[in-house]
There are 2 protein chains.
Amino acid sequence: MEKFLNLQDHLCFSLYACSRAISRMYRPLLKKLDLTYPQYLVLLVLWEKEQQTVKELGELLDLDSGTLTPLLKRMEGKKLIRRERPKTDERVVMVSLTEEGEALREEAVCIPASLFQSSGMSAEEIGALNETVKSLTERVSRFNSI
Amino acid sequence: MEKFLNLQDHLCFSLYACSRAISRMYRPLLKKLDLTYPQYLVLLVLWEKEQQTVKELGELLDLDSGTLTPLLKRMEGKKLIRRERPKTDERVVMVSLTEEGEALREEAVCIPASLFQSSGMSAEEIGALNETVKSLTERVSRFNSI
DNA sequence: GCTATTTATATTGTGCACAATTAAAATGTA
DNA sequence: TACATTTTAATTGTGCACAATATAAATAGC
């Protein structure tokens, strides 16, 4: 006989609600940059390495082309990125930063601090939570692929 | 000078990716019950208290009517719930379980165990993580409302 | 070199999320 | 009681997520 859990005892719900709460906190900050949260994540990846394929972006962000293709087209429309198929392999779409996209980095650099500030947690606590959550994701994902 | 974080060091991304990974793990289990993850959450709430208003559901799940109204209509279409406006206050929509909705509880009761199993964590560790994440959500949400 | 398979992206369709607006019923107050 | 305000859902529009499918280029085997 399985014990029946309260909504509040479901870790899945806590994580789902927390992720949305953070996204909601970031939204007004990102709106000033005319960005959505997933678009911000794409920029985070490109600020680390300014040219990547759609496939690489998808692997890093764990998003498929059904999500990324229209998202990247919107970002291209805003002149934040370029999308081009290299002559050497026309299956691939290379995504690279424009100057505007690169320049946004300066304006966005303070966004993570808002989570740090609101969390009331120390850098160590945040780091530890991050590692725990990443480890959980990895195990769950591994479980998925079995 | 702010330090620039790697994607993997962003707690916001870890939580976002983890939430989606869990949802992905649940999806095949929920598909057997013809449920989506948010629909499952609505049932979790109704299994605890079998009649609630849309407003109450929204407060518990942190979802607004723009999300809930169409979702609940789909659940009504599947005969899992009833939606009715009480004569005493016709602004309100009361949501209540049908027998089918109540009966799904038995089939869904094992779903949380799949997260427990795949996580490789003890019940204590899961409980502690749950508390940490809930506390973070609360602080972030409070920050939002200032 | 020719075909079969693989790889990378795009398309289509469904279902959330959420901001902004609308609408209708209930309540408060003069 | 009349009218302003508040409460509660519904609607509209945009942008993800993701499964399923399609398409075109590249590579592998023969």
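Throughout, protein chains are lettered first and strands after them, A, B, ... in sequence-line order, and every chain is numbered starting at 1. Being a predicted model, the structure only gives us computed values, none of them experimental.
Not a single donor-acceptor pair under 3.5 Å links the side chain of B:Ser23 to the backbone N or O of B:Ser19. The backbone N or O of B:Gln8 lies less than 3.5 Å from a partner atom in the side chain of A:Lys134, making a donor-acceptor pair. Counting only distance, with no hydrogens or angles, the side chain of A:Ser114 and the backbone of A:Ile111 share a donor-acceptor pair below 3.5 Å.
Distance A:Glu76 CD to C:dT9 P: 14 Å, rounded to the nearest Å. Computed from coordinates, the A:Phe13 CZ to C:dA17 P distance equals 11 Å when rounded to whole Å. Whole-Å rounding puts the A:Arg27 CZ to C:dA20 C1' distance at 13 Å. At whole-Å resolution of the value, NZ in B:Lys87 and C1' in C:dA25 are 14 Å apart. Taking atom OH of A:Tyr37 as the reference point, atom P of D:dA17 lies 9 Å away to the nearest angstrom. Across the protein-nucleic acid pair, A:Arg91 atom CZ and D:dA25 atom P stand 11 Å apart, rounded to whole Å. The separation between A:Leu30 atom CG and D:dG15 atom P is 14 Å, rounded to whole Å. The distance between atom OH of B:Tyr26 and atom C1' of C:dC16, rounded to the nearest whole Å, is 18 Å.
Note on B:Thr88: only backbone sugar-phosphate atoms sit closer than 4.0 angstrom, heavy atoms only; bases stay farther off.
Using a 4.0 Å cutoff on non-hydrogen atoms, the parts of residues 52-75 of chain A near DNA chain C are A:Thr53, A:Val54, A:Lys55, A:Ser65, A:Gly66, A:Thr69, A:Lys73, ordered by number.
With D:dA25, C:dA10, C:dA17 as the candidates, the nucleotide lying closest to the side chain of A:Asp89 is D:dA25. Comparing C:dA25, C:dT9, C:dC18 by their closest approach to the side chain of A:Val92 singles out C:dT9. Considering only side-chain atoms of A:Pro38, the nucleotide from C:dA25, D:dC16, D:dA19 that sits closest is D:dC16.
Residue B:Tyr16 has a polar side-chain atom (N or O) positioned under 4.0 Å from OP1 or OP2 of D:dA17. Contact annotation: B:Arg85 side-chain N/O to D:dA10 OP1/OP2 distance is under 4.0 Å. For C:dA10, one of the phosphate oxygens OP1 or OP2 lies less than 4.0 angstrom from a side-chain nitrogen or oxygen of A:Arg83. Between A:Arg20 and D:dC16, a side-chain N or O to OP1/OP2 separation shorter than 4.0 Å is absent.
Among all heavy-atom pairs drawn from A:Ala108 and A:Trp47, the shortest one is CB-CH2, 3.5 Å.
Rounding to the nearest 0.5 Å places CZ of B:Phe143 at 12.0 Å from CD1 of A:Ile22.
Applying the ring pair (Phe, Tyr, Trp, His ring centres under 6.0 Å) criterion to B:Tyr16, with sequence neighbours excluded, gives A:Tyr37.
In terms of position on DNA chain C, the residue among B:Gln39 and A:Val93 whose nearest nucleotide sits closer to the 5' end is A:Val93. Of the two residues contacting DNA chain D, namely A:Thr36 and A:Pro86, the nearest-nucleotide position lying further toward the 5' end is that of A:Thr36.
Residues B:Leu11 and B:Leu136 have side chains in contact (heavy-atom distance under 4.5 Å, counting atoms from C-beta outward). For the pair A:Glu124/A:Leu129, no side-chain contact is recorded, criterion being any heavy-atom separation below 4.5 Å from C-beta on.
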